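As the structure is a prediction and not an experimental result, all values here were calculated from the model.
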Amino acid sequence: MKNINIIQVVLIGVSIVAIVAAVIMFSLYTGRGGASKNGTVVLWGTIPSADFDGVLRELEGEQVPIEGLEYVEKDAATMDDELLKAIAEGRGPDLVLFNEKQVINNQNRMQIIPFSSFPLRSYQDLFLDESSLLVTEEGLLGFPFLVDPLIMYYNKDLLSNAGFSKPPQTWTEVLALAPTLTEKDSSFNISKSTIALGSFDNITNAKDIFWTLVLQAGNPVIKRAVNPQTQERIYQSILNENLNFTLNPAYAATNFFTQFSNPTKTVYSWNRSLPSSQTFFTSGDLVFYIGFASELDTIKRLNPNLNFDIALIPQSQSSTRKVTYGSMYTLAVPRSTSNLTGAINVIAALTSQDVQTRFAKKLSIAPVRKDLLATSDVTSQYESVFNRSAIMAQGILEPEGAATSLIIKELIDTVVSGQYEISDALTRAHEKLSLLLPYE
């Protein structure tokens, strides 16, 4: 096994003695039998413990254990509140494994890792581009761990039966295929669908698909800024801004997304009466399904006989930059940790080449290291698509994931129902999103 990558991180607010001890421990840690002792490092995360602990046991079997790591699985819906309470009561974890949707609501509870301890250039050279979400003026909010990109699953039989040999690469191609691949009767009842776009409740990953379209159109949705009155650093919604484009990116994304549920359009291929898009795909009635890489095993389990493959998510024909949404797991250190050196050591281990590779394969997602994403040494037919999707992944530091979902649901539902024009619905969504954003 290759030596663990050395991460020399010095966290703000600790004594000089603790800093020196932490750096020495990083320099000594190799993942082999001579590794320094971590003590007990408690890590909270939402990855199933069976999967996480399974990888840890495999590493122990190869005599390369991550010493002292105790993983505690938490419910994503309640972890933020549990963390706040645990820190207040002095029993918080030493490490937390967030996804990017949890970062900004928890950042004041986390250590900021200064660039003097881990240079920005080194960070950018090591990790995928989406890791820039964790970069602030003062330093790093954490380190990326794994990324779960949105990809396109497709039914090979439905595609080939219609006379097509390969999946579409652009959304323009999807538009051209929809009238041919969708099967519906005179009452607009759909029996076979090209793609699940156009509604919210019965489309698995609807919000993240919508975010992908907005990102592809050129809008990052949330940005860091400075309050001109108070000079405080804040987050701002730019959902409804034109950003020097001829057409408002979010307007273009909303218009494209919602047209697939309009019976008067030739691309009509989805409505609210259908089952969930994942169910429709695994039943063999949906040609293209936009899902996360981590859904691969679930899709295989739900229908072992389904003849499907995967591809990169379609792109805008007018853009020169390929983009998909990536759900990025992030390792962050709570300010309250009592085991700084152990936490640093575990971060070094979990972001090493071999450990990254093992976790990515176990969870059917992608590593976050550029050197691993660029390699051609893949062992399954799916890894190359996962890795290429991870390379082009972007994310959004959205606040309060559940509340944000309601905002996007309302945006889509009110446009589809005709209650609001797209411009008015976007203005409402932008205003509601702004109210959720905290100060840094």
Side-chain angles (χ1 to χ4, degrees), residues 46-48 50-51 75-77 99 101 146-159 167-168 171 174 177-178 181-184 189-213 256-258 260-261 267-314 324-327 329 362-366 380-382 385-386 389-390 393 401-402 404-406 408-409 412-413 416:
T46 57
I47 294 173
D51 293 331
D75 185 336
N99 67 34
K101 294 181 176 70
L146 295 167
V147 62
D148 190 5
L150 275 181
I151 60 175
M152 184 170 70
Y153 295 82
Y154 66 95
N155 186 308
K156 296 172 68 176
D157 290 338
L158 292 180
L159 195 61
W171 292 115
V174 173
L177 289 171
L181 296 177
T182 299
E183 297 181 9
K184 56 184 181 293
N189 297 308
I190 295 170
S191 55
K192 293 261 188 308
S193 171
T194 303
I195 193 166
L197 296 172
S199 67
F200 192 93
D201 289 334
N202 62 343
I203 296 181
T204 310
N205 312 312
K207 178 177 67 172
D208 299 317
I209 296 170
F210 177 76
W211 283 151
T212 297
L213 294 171
F256 181 87
F257 185 94
T258 55
F260 288 86
S261 63
V267 297
Y268 172 66
S269 61
W270 197 256
N271 59 52
R272 296 178 183 179
S273 68
L274 295 170
S276 77
S277 56
Q278 188 188 77
T279 299
F280 212 49
F281 181 74
T282 55
S283 68
D285 296 314
L286 178 63
V287 185
F288 305 118
Y289 169 70
I290 306 301
F292 284 101
S294 60
E295 295 178 56
L296 176 65
D297 291 338
T298 299
I299 289 171
K300 287 180 177 179
R301 176 176 51 81
L302 290 173
N303 187 350
N305 299 314
L306 186 67
N307 185 20
F308 75 94
D309 205 343
I310 64 173
L312 300 180
I313 197 170
T324 191
Y325 185 87
S327 180
Y329 291 98
K362 180 70 173 180
L363 300 173
S364 292
I365 51 180
S380 82
Q381 68 186 95
Y382 304 112
V385 175
F386 291 172
S389 297
T404 304
S405 292
L406 291 176
I408 303 306
K409 169 181 163 55
I412 292 169
D413 287 350
V416 169

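- When the ring pair (Phe, Tyr, Trp, His ring centres under 6.0 Å) test is applied to F260, the partners found at least two apart in sequence or on another chain are F256.
- Pairing each heavy atom of P167 with each of M152, the nearest pair is CB-CE, 3.7 Å.
- Within the 4.5 Å cutoff, no side-chain heavy atoms of Y325 are placed close to those of I209.
- Residue N303 holds its CG atom at 11.5 Å from OG1 of T279, rounded to the nearest 0.5 Å.
- Atom CD1 in I151 sits 9.0 Å away from atom OG1 in T324 (nearest 0.5 Å).
- Within the 4.5 Å cutoff, the side chain of Y268 has heavy atoms near those of the I190 side chain.
- For residues 275-303, the salt bridge (Lys or Arg N to Asp or Glu O under 4.0 Å) pairs, not counting sequence neighbours, are K192-D285.
- Between F308 and Y382, the angle of the ring planes stays under 30°, which puts this pair in the parallel group of the 30/60° scheme.
- Note that CZ of F257 and CD1 of I412 are 4.0 Å apart. Values are rounded to the nearest 0.5 Å.
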List the steps and the verdict of side-chain contact (heavy atoms from CB on, under 4.5 Å) for F288 and L181. CA-CA 10 Å; F288 305 118; L181 296 177; 3.8 Å; yes
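- Atom-to-atom distance recorded for T212:OG1 and F210:CZ is 10.5 Å, nearest 0.5 angstrom.
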Step-by-step side-chain contact (heavy atoms from CB on, under 4.5 Å) determination, N155 to L286: CA-CA 7 Å; N155 186 308; L286 178 63; over 6 Å; no
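- Exactly one of S327, S389, S364, S294 qualifies for a side chain to side chain donor-acceptor pair (under 3.5 Å) with D148. That residue is S294.
- Atom CG of L312 and atom CZ of F386 lie 11.5 Å apart (nearest 0.5 Å).
- With a 4.5 Å cut-off on side-chain heavy atoms, I290 and I313 count as touching.
- Of the inter-residue distances, the one linking W270 atom CH2 with I203 atom CD1 reads 6.5 Å to the nearest 0.5 angstrom.
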